[in-house]
Amino acid sequence: METGRPTATAVVVGAGIAGLTAAWRLRQAGLVVRVLEREPTAGGRMRTVDHDGFRIELGASILGRNYTGMLRLIEELGLSHQFGPSSTLCGFDRDNTVHRLRTDSRADLLRTRLIGPRTKAAVFRALPNFLAHRKRLDWDTMDRNTYLDTLSATQYARRHLTQEAIDHLCEPLFGGGIVLASPDRMAAADMLFYTAKLLVPHFNSPQGVGLLTRTLAERSAWG
């Protein structure tokens with residue numbers, strides 16, 4: 001007796017956010033999905049672990065509300081009630097004093113003593129230029145603004161900001177905070193992408209970003 005065509009099988013390599021989302025979509029399309037991952041736990045760079053009473057993000061720790069695709073996926077998975085606003089507060093050390101700034105607050109930037117009036121003026125003068133460049137950047141191609149991919153973050157900052165901004169804003173944020181790489185070796189395009197992420201409200205879950213990848217893994221029958 002004919003039982004019909006066999007169900008197609010898809011193999012996805014990698015159980016990070018991209019692989020798990022692909023597996024979820026393929027399963028929705030009716031395929032049998034097998035996800036291959038070298039680590040014992042799914043999640044990749046979106047994994048959260050609990051250690052000695054602390055909840056630690058192993059990779060992604062800043063989720064901006066400009067991640068509209070991720071927000072739609074969270075809603076689709078029925079997780080919206082488990083995600084909410086998270087803090088944008090950053091601490092910058094200068095001369096043994098910690099200056100606290102909310103990255104999405106212009107008022108904090110105006111009031112802070114982390115940088116002087118000249119640097120503050122330079123930052124606000126550079127904002128239209130930054131926004132113009134940011135709009136031409138695309139995660140998939142640099143064709144619209146190639147020079148930002150060959151210009152370092154330090155070179156870009158020297159053209160539009162001050163040395164004080166490089167030393168006390170750019171270096172702490174990118175060299176010691178988000179990217180863990182020297183701004184001298186980081187493309188200006190990367191700096192603009194990450195800055196855009198910092199300047200918008202953030203979201204997360206009390207369970208950490210790993211809630212999303214864990215849920216995808218469960219729905220995609222990973223393992």
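Reckoned from all heavy atoms, side chains included, excluding hydrogens, waters and symmetry mates. A quick note: this is a predicted structure, and the numbers were derived from the prediction, not measured.
Summarising the geometry, atom CD1 belonging to Ile166 is positioned 10.0 Å from atom CD belonging to Gln155; distances are rounded to the nearest 0.5 Å. To the nearest 0.5 Å, atom CG of residue Leu58 and atom CD of residue Glu39 are 10.0 Å apart. Rounded to the nearest 0.5 Å, atoms CG (Leu114) and CG (Leu101) are 6.0 Å apart. For the atom pair CG of Asp167 and CD1 of Ile115, the computed distance is 12.0 Å after rounding to the nearest 0.5 Å. Taking CE of Met191 as the reference point, atom OH of Tyr156 lies at 6.0 Å (rounded to 0.5 Å).
Using a 4.5 Å heavy-atom threshold, the side chains of Glu218 and Leu216 count as separate. Counting heavy atoms from C-beta on, the side chains of Glu171 and Pro183 come closer than 4.5 Å. Put simply, the side chain of His168 does not reach to within 4.5 Å of the side chain of Thr162, judged on heavy atoms.
Partner of Leu212 under the side-chain contact (heavy atoms from CB on, under 4.5 Å) criterion, chosen from Leu63, Asn204, Leu73: Leu73.
Under the 4.5 Å side-chain heavy-atom criterion for Ile, Leu, Val, Met, Phe, Trp and Tyr, Leu169 and Leu89 are members of distinct hydrophobic clusters. No path of Ile, Leu, Val, Met, Phe, Trp and Tyr side chains, each step under 4.5 Å between heavy atoms, connects Val11 with Val32, placing them in separate hydrophobic clusters.
Between the side chains of Asp184 and Thr154, at least one donor N or O sits under 3.5 Å from an acceptor N or O. If you check the side chains of Glu164 and Thr119, you find a donor sitting under 3.5 Å from an acceptor. Using a 3.5 Å distance cut-off with no hydrogens or angles, the side chains of Ser205 and Gln82 do not pair a donor with an acceptor.
Without hydrogens or angle criteria, Asp93 side chain to Val98 main chain gives no donor-acceptor distance under 3.5 Å. Between the side chain of Thr21 and the main chain of Ile17, a donor-acceptor pair closer than 3.5 Å is present. Checking side-chain atoms of Arg55 against main-chain N and O of Pro206 turns up a donor-acceptor pair under 3.5 Å. Not one N or O on the side chain of Thr48 forms a donor-acceptor pair closer than 3.5 Å with the backbone of Glu57. No donor-acceptor distance shorter than 3.5 angstrom exists from the side chain of Arg27 to the backbone of Ala22, with no hydrogens or angles considered.
Around CZ of Arg94, the count of heavy atoms belonging to other residues, nucleotides or ligands within 6.0 Å exceeds 12. Other residues, nucleotides and ligands contribute only 12 or fewer heavy atoms inside 6.0 Å of the CD atom of Glu75.
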